[in-house]
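Lettering follows sequence order; numbering is per chain, from 1. Atoms considered below: every heavy atom in the structure, side chains included; atoms not considered: hydrogens, waters and symmetry mates.
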Protein chains: 2
Amino acid sequence: MTEADARRRLVAGAADMIRRRGLNATSIREVAKHAATPLGSTYHYFPGGKQQLAAEAVRFAGETVGRMLAGQLAAGPVDGLRAFLALWREVLVGSEFRAGCPVLAVSVEEAPDEDRLAVLTAAAAVFDGWETQLADSLRDHGVADGEAEELATLVVAAAEGAVALCRAQRSTVPLDRVAARLESLLTAAAG
Amino acid sequence: MTEADARRRLVAGAADMIRRRGLNATSIREVAKHAATPLGSTYHYFPGGKQQLAAEAVRFAGETVGRMLAGQLAAGPVDGLRAFLALWREVLVGSEFRAGCPVLAVSVEEAPDEDRLAVLTAAAAVFDGWETQLADSLRDHGVADGEAEELATLVVAAAEGAVALCRAQRSTVPLDRVAARLESLLTAAAG
DNA sequence: GTCTATACGAAGATAGAC
DNA sequence: GTCTATCTTCGTATAGAC
């Protein structure tokens, strides 16, 4: 299973590079080099080229975070929120504010052709998945349907935005402030 | 004053291209073409090259939004919030979800060298400026210092994140949900 | 001072050798 | 089936003609 291994390394490497540099500055060449895989191989594993690799990287990141979120949400929505924000905090601090969220990164670059649209669609699905997980948990704890959806969207949007603010300011202050407000909001709603 | 005019066109054009494609996919060549300016001229106006142009584009966007925000905040923090979110909504809808916030765009791409760091620093200053305007208005309406800062940061982060979510999903739903929650939050705090 | 033409590197993708 | 070498295009930046 060297093949599946190399493939995984390519997807994980692409996700890491995208969350640092963004999609356009992520080159297949460098992803292949970092994964110790010849350039030609990437087109064997990913006939769709860069866009296919990017779409899989986005889904890979989405699932990784989604699994962690599912585990923590079992203890309640506020625990899920804390874990979600703590994860982004670690990404920021661990990379000295050089890395962020790959799903956010691909969402702010235009999608002109059809291929790029596939990446954007993958990003939309990831965001929607996280929101749904949070909203379900809130509903399970007695929050009304509409309010649960609004709160879940607010959490995802605020977290993603805060990550960007933290990167610009090279400080965790924005994320910490957002965490304080969101926690008190969710505690009041589903405490 | 053809010179100042061409310079302005270059900065405004760069801001528009960055908010659509991101910083890396924005080429000086195309910015110059779109501004009907020869490529060589851009290096006359901006000796620092692409990074200088990008930093000015970020500041330009920051000031444009900041002026609008200042005007609307005169009527109170909730009016400022509404105008801030309405502006991003117009950018999204008016571009068919192809354009977003240029300040966000440059904040999610790595800054390896010193030049790029100047762009990131400009972005940090813009975010900080918007937050300060909002926080000041909240304080003027009786919100305590710490809470005002937290709420201001939450508004900027959530708005920026929501813009990205809307672009991915090609829908204003995320922004509308965020608007509903933020409005009720600010009304409760400073109503 | 303004701009055309070009240098130089790196990108995505593929053709064809092993 | 795997990978090396290459094709083509486009990027930033500049040198030198008007």
Side-chain angles (χ1 to χ4, degrees), chain A residues 1-11 13-18 20-58 105-106 109-120, chain B residues 1-11 13-18 20-58 105-106 109-120:
Chain A
M1 285 299 155
T2 316
E3 161 148 347
D5 233 42
R7 206 180 189 284
R8 229 192 319 273
R9 276 204 311 277
L10 284 169
V11 171
D16 186 58
M17 207 166 290
I18 289 170
R20 291 172 183 272
R21 308 185 181 178
L23 179 52
N24 272 296
T26 295
S27 72
I28 302 260
R29 280 182 135 82
E30 211 161 346
V31 171
K33 186 185 228 174
H34 190 268
T37 305
L39 177 60
S41 295
T42 63
Y43 288 90
H44 170 65
Y45 298 134
F46 307 94
K50 183 176 181 174
Q51 307 308 325
Q52 185 188 350
L53 177 55
E56 292 203 25
V58 166
V106 303
E109 299 183 24
E110 197 175 42
D113 48 35
E114 263 189 39
D115 300 336
R116 280 286 279 279
L117 220 141
V119 181
L120 213 61
Chain B
M1 285 298 156
T2 317
E3 162 147 348
D5 233 40
R7 206 181 188 284
R8 229 194 318 272
R9 276 203 312 275
L10 284 168
V11 171
D16 186 57
M17 208 167 289
I18 290 170
R20 289 173 184 271
R21 308 185 182 178
L23 180 52
N24 271 295
T26 296
S27 73
I28 302 260
R29 273 182 138 84
E30 211 161 347
V31 172
K33 187 185 227 176
H34 190 268
T37 305
L39 177 61
S41 295
T42 63
Y43 289 90
H44 170 66
Y45 298 134
F46 308 93
K50 183 176 180 172
Q51 307 308 325
Q52 185 188 349
L53 177 56
E56 293 203 26
V58 166
V106 304
E109 298 184 25
E110 198 175 40
D113 49 36
E114 264 190 38
D115 299 337
R116 281 286 281 276
L117 219 141
V119 181
L120 213 61

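- The side chain of B:R29 has D:dT12 as its nearest neighbour among C:dA13, D:dT12, D:dA13.
- Closest to the side chain of B:S41, out of C:dC3, D:dT12, C:dG12, is C:dC3.
- Atom pair A:K50:NZ and C:dA13:P shows a separation of 8 Å (rounding to whole Å applied).
- As rounded to whole Å, 13 Å separates atom C1' of D:dT12 from atom CG of B:L23.
- As a whole-Å value, the separation of A:L10 CG from D:dT2 C1' is 14 Å.
- When distances run from any side-chain atom of B:P38 to the nucleotides C:dG12, C:dC3, D:dT2, the shortest one goes to C:dC3.
- For the pair A:E56 and A:R8, the salt-bridge criterion is not met [side-chain N within less than 4.0 Å of a carboxylate O].
- When heavy atoms are screened at a 4.0 angstrom cut-off, B:T42 is found touching no nucleic acid atom at all.
- Rounded to an integer number of Å, the gap from CG of A:L39 to P of C:dT14 is 11 Å.
- Taken from OG in B:S27 to NE2 in B:H34, the straight-line distance is 12.0 Å, to the nearest 0.5 Å.
- The two residues B:R9 and B:T37 have their closest heavy-atom pair at NH2-OG1, 3.9 Å.
- Nearest to the side-chain atoms of A:Y43 among the listed nucleotides C:dT2, C:dA5, C:dT14 stands C:dT14.
- What separates CZ of A:R7 from C1' of D:dT2 is a distance of 16 Å, to the nearest Å.
- Within the nucleic acid shown, B:G40 comes within 4.0 Å of at least one base atom, counting heavy atoms only.
- The CZ atom of B:R21 sits 12 Å away from the C1' atom of D:dC10 (whole-angstrom rounding).
- Following rounding to the nearest Å, A:D115 (CG) and C:dA11 (P) show an atom-to-atom distance of 19 Å.
- The CG atom of A:L53 sits 10 Å away from the P atom of C:dA13 (whole-angstrom rounding).
- Atom NZ of A:K50 and atom CZ of A:R29 lie 12.0 Å apart (nearest 0.5 Å).
- Pairing each heavy atom of A:A15 with each of A:A57, the nearest pair is N-CB, 3.7 Å.
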